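This report refers to the structure that appears directly beneath it.
Keep in mind the model is a prediction, meaning the values are calculated, not measured. Residue numbers start from 1 in every chain, and the chains themselves are labelled A, B, ... in the order their sequence lines are given, proteins ahead of strands.
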2 protein chains.
Amino acid sequence: MTLKKETEEQIFLAAQRVFQKKGFAGARMQEIADEADINKSMLHYYYRSKEKLFLEVFQSSVKKIFPQLVEILSSGDDLETKVKRVVDFYYNTFKKHPTLPSFVIHEMNQHPNRFKEFINSLDVEVPSQFAEQLKSDIEAGRIMPMKPAHFLINIVSLCLMPVIARNMVQTLFSMDDDEFENFLEERKELVPKIIFSGVKR
Amino acid sequence: MTLKKETEEQIFLAAQRVFQKKGFAGARMQEIADEADINKSMLHYYYRSKEKLFLEVFQSSVKKIFPQLVEILSSGDDLETKVKRVVDFYYNTFKKHPTLPSFVIHEMNQHPNRFKEFINSLDVEVPSQFAEQLKSDIEAGRIMPMKPAHFLINIVSLCLMPVIARNMVQTLFSMDDDEFENFLEERKELVPKIIFSGVKR
DNA sequence: GTCTATATAACGATAGAC
DNA sequence: GTCTATCGTTATATAGAC
């Protein structure tokens with residue numbers, strides 16, 4: 001008997017890497033076992049099935065993206081600070097887990113209803129105070145008029161898309177890995193500027 | 001003998017639907033055959049293997065996204081017109097093919113090198129004239145200062161992300177399908193406004 | 001708990017009749 | 001060109017020894 005907790009954790013971490021890279025359909029239990037350096041039977045011993053192992057990884061991945069976002073939006077900060085915190089949070093998270101967002105999106109699109117149920121079970125909701133805060137910044141001319149949904153989707157789009165489509169960006173603009181890292185760093189400053197670009201003159 | 005061309009075309013269209021929805025690893029030859037209402041053996045008769053059928057679908061999908069983009073950027077239009085045309089083009093394309101962008105991104109991430117080679121074989125390149133055009137609009141204060149790569153990625157991000165993450169948007173903001181369609185319509189106007197929001201005051 | 005061996009099912013692909 | 005039947009492989013999952 002090695003330590004039970006360690007083995008289970010090893011499997012989970014390996015599964016996370018493989019699922020996030022290959023997706024559920026593309027992942028192989030053998031590959032996860034190899035990645036964890038653990039016998040393939042152990043995967044079933046601890047998680048019963050590929051499906052159950054996947055679900056744990058998927059739900060844990062979703063939790064990395066949404067609750068933190070809502071937590072920042074619910075804070076007492078002013079809007080500009082919130083936006084900067086969201087941008088920072090996303091770029092730091094995806095630096096550690098580059099394939100996390102495309103994984104969540106791909107699997108969410110495979111099972112939309114399962115995803116909806118899980119999100120609802122987390123009750124992550126955009127705080128009602130947020131809409132008023134946005135309205136006041138719009139009236140002050142700091143942000144161009146738009147609904148809260150557009151505002152949030154804009155931030156998320158500008159942060160996530162370059163990470164998801166990294167290969168596209170590097171190919172089209174002939175960037176090597178260092179240049180791409182630098183590109184992302186530049187966006188940390190650029191994205192909040194765009195979001196707070198005020199009304200068109 | 002039914003018409004050869006029609007059968008081959010039927011298979012391709014069915015494969016397009018299934019691959020774009022499920023991805024290569026998640027797609028089943030039997031499902032493509034059912035979707036095309038054609039015997040499974042015919043898939044191999046016309047396309048030899050799943051891999052070859054997939055490649056045709058993937059390459060055709062990539063061609064739907066990039067060459068048109070470059071064509072618009074290379075035109076004689078002023079920058080604001082170009083942006084509006086790009087936004088219109090993407091929203092119209094993805095209205096017809098909602099799963100196209102997430103499919104291309106997912107498969108591109110599975111085989112980055114294959115993707116790069118194919119893109120290079122198309123020689124889709126951002127026209128050199130474009131950087132100068134952007135510079136002149138920046139100097140005129142119509143756009144906040146940034147490199148061409150940021151400018152283009154911003155447009156693509158704001159257009160593609162809501163389509164790719166449709167289920168996320170609809171879940172978080174409790175939109176039904178009609179409300180979501182309306183949301184996209186609103187963005188057709190909003191995105192160019194954001195892009196041309198000028199310098200921060 | 002961990003391993004080897006194996007059951008079982010699914011899937012891509014082909015052979016061969018028509 | 002189109003069909004049925006089937007081969008060969010691979011993948012998930014389990015049985016059973018240790």
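- Applying the side chain to side chain donor-acceptor pair (under 3.5 Å) rule to B/Asn113 yields no partners; only residues at least two apart in sequence or on another chain are considered.
- Among residues at least two apart or in separate chains, ring-ring contact (aromatic ring centres under 6.0 Å, His included) pairs with a member in residues 157-186 of chain B are A/His150-B/Phe183.
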Margin query: Within the 4.0 Å limit for protein heavy atoms, which parts of nucleotides 13-18 of chain C are touched? Write it as a string from 5' to 3', B for base, S for sugar-phosphate only, - for none.
Written below: BB----

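- In this structure, the CD atom of A/Gln30 is 13 Å from the C1' atom of C/dT4, given to the nearest Å.
- Note on residues 108-128 of chain B: no pairs pass ring-ring contact (aromatic ring centres under 6.0 Å, His included), not counting sequence neighbours.
- To the nearest angstrom, P of D/dT2 lies 12 Å from CG of B/Leu43.
- What separates OH of A/Tyr46 from C1' of D/dT14 is a distance of 17 Å, to the nearest Å.
- The list of salt bridge (charged side-chain N to carboxylate O under 4.0 Å, His left out) pairs with a residue in residues 40-63 of chain A, not counting sequence neighbours, reads A/Glu51-A/Arg114.
- Ring geometry for B/Phe130 versus B/Phe151: interplanar angle of 30 to 60°, hence tilted.
- Note: CG (B/Leu55) to P (C/dG12) measures 16 Å, nearest angstrom.
- More than 12 heavy-atom neighbours from other residues, nucleotides or ligands sit within 6.0 angstrom of NZ on A/Lys188.
- Put simply, CG on B/Asp34 is 15 Å from P on C/dA10, counting in whole angstrom units.
- Regarding contacts with the backbone of D/dA13, every side-chain N or O of A/Tyr47 stays at 4.0 angstrom or more from both OP1 and OP2.
- Applying the ring-ring contact (aromatic ring centres under 6.0 Å, His included) test to every pair with at least one member in residues 69-92 of chain A, sequence neighbours left out, gives these pairs: A/Tyr90-A/Phe94.
- Rounded to a whole Å, the CZ atom of A/Arg28 is 11 Å from the C1' atom of C/dA10.
- One atom, CD of A/Glu31, and another, P of D/dT10, lie 15 Å apart when rounded to the nearest Å.
- Looking at heavy-atom distances under 4.0 Å, A/Ala27 makes contact with sugar-phosphate atoms alone, never a base.
- Checking D/dT2, C/dT4, C/dC11 against the side-chain heavy atoms of B/Met42 singles out D/dT2 as nearest.
- A straight line from CZ of A/Phe24 to P of D/dA11 spans 14 Å, rounded to a whole angstrom.
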